[in-house]
Amino acid sequence: QVQLVESGGGLVQAGGSLRLSCAAAGRTFYTYTMGWFRQTPEKEREFVAAITWSTGSTYYADSVKGRFTISRDNAKNTLYLQMNSLKPEDTALYYCAQRGPHWGGPGDRKYTYDSWGQGTQGTVSS
């Protein structure tokens, strides 16, 4: 239903920052919740943060709360994830995703998301 393209990944030292972007093509975000997930070879894809596009309401995994900020730019039709105070355990392939419009709640369940980007790698060195 929508094409998502992530960017902004890279290599940073612990304590550093990365700003991930997710550009959407084809459909408006307005009626949807958008989310960021991350995955490593050792761990199942896990929830990071979500935002309800229409209201700006946000929800974060406990592991990133206070360090990461999810936001959106309506004019650019782009989702962002500002990641600060990065830790080595934040190293992962980060995906943005669009949730189905029929789901409620905070948006932390990956099976409620219908569209996914290709991922962008964030690596944090110790």
Next item on the list: Check whether Leu93 and Phe47 end up in the same hydrophobic cluster, where Ile, Leu, Val, Met, Phe, Trp and Tyr are linked by side-chain heavy atoms less than 4.5 Å apart.
Entry: yes
Item checked: Straight-line distance of Gln118 CD to Cys96 SG, nearest 0.5 Å -> 7.5 Å
Checklist line | Donor-acceptor under 3.5 Å (Gln13 side chain, Ser125 main chain) | finding: no
Check: Got Arg67 and Met83 here, is their nearest side-chain heavy-atom distance under 4.5 Å?
Finding: no
Margin query: When you measure from the side chain of Ser57 to the backbone of Thr55, do you find a donor-acceptor pair of N or O atoms at a distance under 3.5 Å?
Written below: no
Check: Can you find a pair of side-chain heavy atoms, one from Gln121 and one from Thr91, that are under 4.5 Å apart?
Finding: yes
Check: Does a side-chain heavy-atom distance below 4.5 Å link Ile70 with Leu79?
Finding: yes
Notebook entry, point to check: Given the rule that I, L, V, M, F, W and Y join up when any side-chain heavy atoms are under 4.5 Å apart, are Val2 and Trp36 in one cluster?
Noted result: yes
Notebook entry, point to check: When rounded to the nearest 0.5 angstrom, what distance separates CZ in Arg19 from CG in Leu81?
Noted result: 9.5 Å
Notebook entry, point to check: Of all heavy-atom pairs between Lys110 and Arg45, which one has the smallest distance, and what is that distance?
Noted result: CD-O, 3.8 Å
Next item on the list: Flag the pair Asp114 / Gln98 as yes when at least one side-chain heavy-atom distance between them is below 4.5 Å, and no otherwise.
Entry: no
Notebook entry, point to check: If Ile, Leu, Val, Met, Phe, Trp and Tyr residues are connected whenever their side-chain heavy atoms lie under 4.5 Å apart, and connections chain through other members, are Phe37 and Trp53 in the same group?
Noted result: no
Notebook entry, point to check: Does the side chain of Gln39 come within less than 4.5 Å of Tyr95's, by heavy atoms?
Noted result: yes
Next item on the list: Could you point out which residue of Lys87, Glu89, Arg38 forms a side chain to side chain contact (heavy atoms under 4.5 Å, CB included) with Ser63?
Entry: Arg38
Margin query: How long is the straight-line distance from CG of Asn77 back to CG of Leu4, given to the nearest 0.5 Å?
Written below: 9.5 Å
Next item on the list: Using atom types as modelled and distance alone, determine if a side-chain donor or acceptor of Gln3 lies under 3.5 Å from a backbone N or O of Ala25.
Entry: no
Next item on the list: List the atom of Thr120, the atom of Gly8, and the distance in Å for their closest heavy-atom pair.
Entry: OG1-N, 4.1 Å
Check: Do the side chains of Met34 and Tyr60 join up, straight or via other hydrophobic residues, at under 4.5 Å, putting them in one cluster?
Finding: yes
Next item on the list: Give the minimum heavy-atom separation between Ser126 and Pro88, together with the two atoms involved.
Entry: CB-CG, 3.9 Å
Check: Are Tyr94 and Ile51 joined in one hydrophobic group, where the rule is that I, L, V, M, F, W and Y side chains link up if heavy atoms are under 4.5 Å apart?
Finding: yes
Next item on the list: To the nearest 0.5 Å, tell me how far Arg72 CZ sits from Cys22 SG.
Entry: 14.0 Å
Notebook entry, point to check: Is any side-chain heavy atom of Leu86 closer than 4.5 Å to a side-chain heavy atom of Phe68?
Noted result: yes
Checklist line | Nearest heavy atoms of Gly9 and Leu18, plus distance in Å | finding: C-CD2, 4.4 Å
Note to self: Test your reading of the model: is there a side-chain donor-acceptor pair from Tyr59 to the backbone of Gly35, 3.5 Å cut-off?
What the structure shows: no
Check: Any side-chain heavy atom of Asn84 sitting closer than 4.5 Å to one from Ser17?
Finding: yes
Notebook entry, point to check: Which hydrophobic side chains are connected to Tyr80, either touching it within the sub-4.5 Å cutoff or through other members that do?
Noted result: none
